[in-house]
Number of protein chains: 2
Amino acid sequence: MPRRKQRTEDWRQVLRDAGLRGTSARIELLELLARSPRPLTHQEAVEGLPQVETDRSTLFRALQDLTSAGLVRRLDLGDRVWRYERVVATADAAGEAVPHPHLLCVDCGNITCLTDDDVQVKLPKRLGTVEDVLLKGHCADCKES
Amino acid sequence: MPRRKQRTEDWRQVLRDAGLRGTSARIELLELLARSPRPLTHQEAVEGLPQVETDRSTLFRALQDLTSAGLVRRLDLGDRVWRYERVVATADAAGEAVPHPHLLCVDCGNITCLTDDDVQVKLPKRLGTVEDVLLKGHCADCKES
DNA sequence: CTGTAGATGCAACTGAGTTGCAGAAAAATA
DNA sequence: TATTTTTCTGCAACTCAGTTGCATCTACAG
């Protein structure tokens with residue numbers, strides 16, 4: 001575990017590599033998201049960053065910026081609140097984290113990330129083409145109950 | 001096709017059977033939803049009922065009431081707006097008795113109702129079970145452009 | 001060290017949806 | 001039909017997530 005200062009510099013570099021300036025709001029936010037085991041809402045991010053005094057709109061914009069820079073992913077899980085999760089760099093050659101299907105558990109609210117191998121969706125072309133898949137149901141932990 | 005007056009009385013009866021009073025706002029709303037080939041938002045319902053002068057909140061409440069009475073189904077299609085579609089009691093040919101997959105067009109925002117025959121979703125049981133399917137993509141009208 | 005593109009704070013705004021309350025209108029009843 | 005009871009509606013004010021315009025500030029390239 002690197003020293004605090006060092007971590008900060010690491011995140012700053014991540015931001016800079018993504019073409020964004022390394023401001024404290026973004027650094028703290030990015031670290032919070034990377035630390036979190038689940039996607040966070042804007043509100044949760046505010047609460048998770050008591051040490052950072054930023055305006056609401058700044059944090060909204062930071063989340064937008066991180067999203068369009070590809071550092072985090074924005075999820076709409078059907079409860080009318082955006083959630084953001086750190087995009088974990090995959091072993092993908094291009095280094096791009098590709099969108100994948102999600103399963104939203106209607107019991108516990110957890111999200112299960114799925115692969116295209118897990119879910120096979122077929123839609124006749126005449127009806128349209130599919131970009132993203134959201135399943136609602138019972139996750140592995142809840143399905144037996 | 002029954003006369004206008006007759007239709008109104010039919011809908012009034014449907015409402016009464018569901019334990020709701022047959023007010024003009026609800027009758028017109030229910031008929032609009034029954035006529036619509038796709039789920040409607042509150043806003044779309046307002047626009048679809050220019051002849052009905054109701055307060056916004058009344059229509060919101062009417063949609064709530066119809067939903068809790070089981071006459072319509074409320075859908076969250078992930079674009080932060082509730083949509084409502086008529087629930088037909090009998091599994092009629094044209095009716096939409098059971099929940100079914102929907103395709104949300106990311107271009108035009110339109111909703112396409114799908115059947116279980118249109119969409120085949122397979123998810124390994126170890127990952128969970130599926131209750132509802134929401135696809136995001138390009139609808140038939142938008143996909144070529 | 002400086003100029004500037006980009007980031008921030010502030011305040012005002014949007015848009016969906018909710019709520020409290022008084023008055024109005026269905027339905028029930030007499 | 002008239003009266004009472006119950007439910008619904010209109011209004012206005014509110015919440016909550018998110019956005020926007022603009023003046024100011026700052027990270028960082030040169």
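Here the structure is a predicted model, which is why all the values come from computation and not from measurement. In what follows, every chain begins at residue 1, and chains take the letters A, B, ... in the order their sequences are listed. Note: hydrogens, waters and symmetry copies are ignored here, and every other heavy atom, side chains too, is used.
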Exercise. Regarding R80(B) and the six-membered ring of W82(A), is the cationic atom NZ or CZ under 6.0 Å from the ring centre and inside 45° of its axis?
Worked result: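 Yes; both conditions hold, so R80(B) lies above the ring face of W82(A).
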With no hydrogens and no angle check, do the side chains of Q120(A) and Q120(B) hold a donor and an acceptor under 3.5 Å apart?
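No donor-acceptor contact under 3.5 Å links the two side chains.
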Handout entry: Pair E9(A), Q13(A): side-chain N/O donor-acceptor within cut-off below 3.5 Å
Key =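 There is no such pair (donor and acceptor under 3.5 Å, judged by atom type) between the side chains of E9(A) and Q13(A).
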Whether the side chain of T67(A) engages the backbone of L63(A) through a donor-acceptor N/O pair (distance < 3.5 Å, no angle test) should be reported.
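The answer is yes, because a donor-acceptor pair under 3.5 Å joins these two groups.
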Looking at residues at least two apart in the chain, or sitting in another chain, which of them share a side chain to side chain donor-acceptor pair (under 3.5 Å) with R74(A)?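 Partners of R74(A) under the side chain to side chain donor-acceptor pair (under 3.5 Å) test: none.
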Discussion item. Just N and O in the side chain of Q64(B): are any of them under 4.0 Å from OP1 or OP2 of dG17(C)?
Written reply: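 False: Q64(B) side-chain N/O out of range (4.0 Å or more) of dG17(C) OP1/OP2.
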**Q.** Atom-pair distance (CG on L40(B); P on dA16(C)), nearest Å
**A.**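 Distance check: L40(B) CG to dA16(C) P gives 14 Å.
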Distances for protein N or O near nucleotides 28-30 of chain C N or O, under 3.5 Å:
from	atom 1	to	atom 2	distance (Å)
dA28(C)	OP1	R16(B)	NH2	3.4

query = How is the hydrophobic cluster of L103(B) composed, in terms of its other members, when Ile, Leu, Val, Met, Phe, Trp and Tyr link through side-chain heavy atoms under 4.5 Å apart, directly or indirectly?
reply =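 The other cluster members (ILVMFWY side chains, heavy atoms under 4.5 Å, direct or chained) are L103(A), L114(A), V119(A), V121(A), L123(A), L127(A), V130(A), V133(A), L135(A), L114(B), V119(B), V121(B), L123(B), L127(B), V130(B), V133(B), L135(B).
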Each nucleotide of nucleotides 4-13 of chain D classed B (base within 4.0 Å of a protein heavy atom), S (only sugar-phosphate) or -, in 5' to 3' order, makes --BBSSBBB-
Which residue pairs pass the salt bridge (charged side-chain N to carboxylate O under 4.0 Å, His left out) test when at least one of the two sits in residues 112-121 of chain B, sequence neighbours left out?
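Every salt bridge (charged side-chain N to carboxylate O under 4.0 Å, His left out) pair that includes a residue of residues 112-121 of chain B, provided the two are not neighbours, is R126(A)-D118(B).
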>> Show every salt bridge (charged side-chain N to carboxylate O under 4.0 Å, His left out) that has at least one partner inside residues 56-67 of chain A, sequence neighbours left out.
In response: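 Counting only pairs at least two positions apart or across chains, the salt bridge (charged side-chain N to carboxylate O under 4.0 Å, His left out) contacts touching residues 56-67 of chain A are R26(A)-D65(A).
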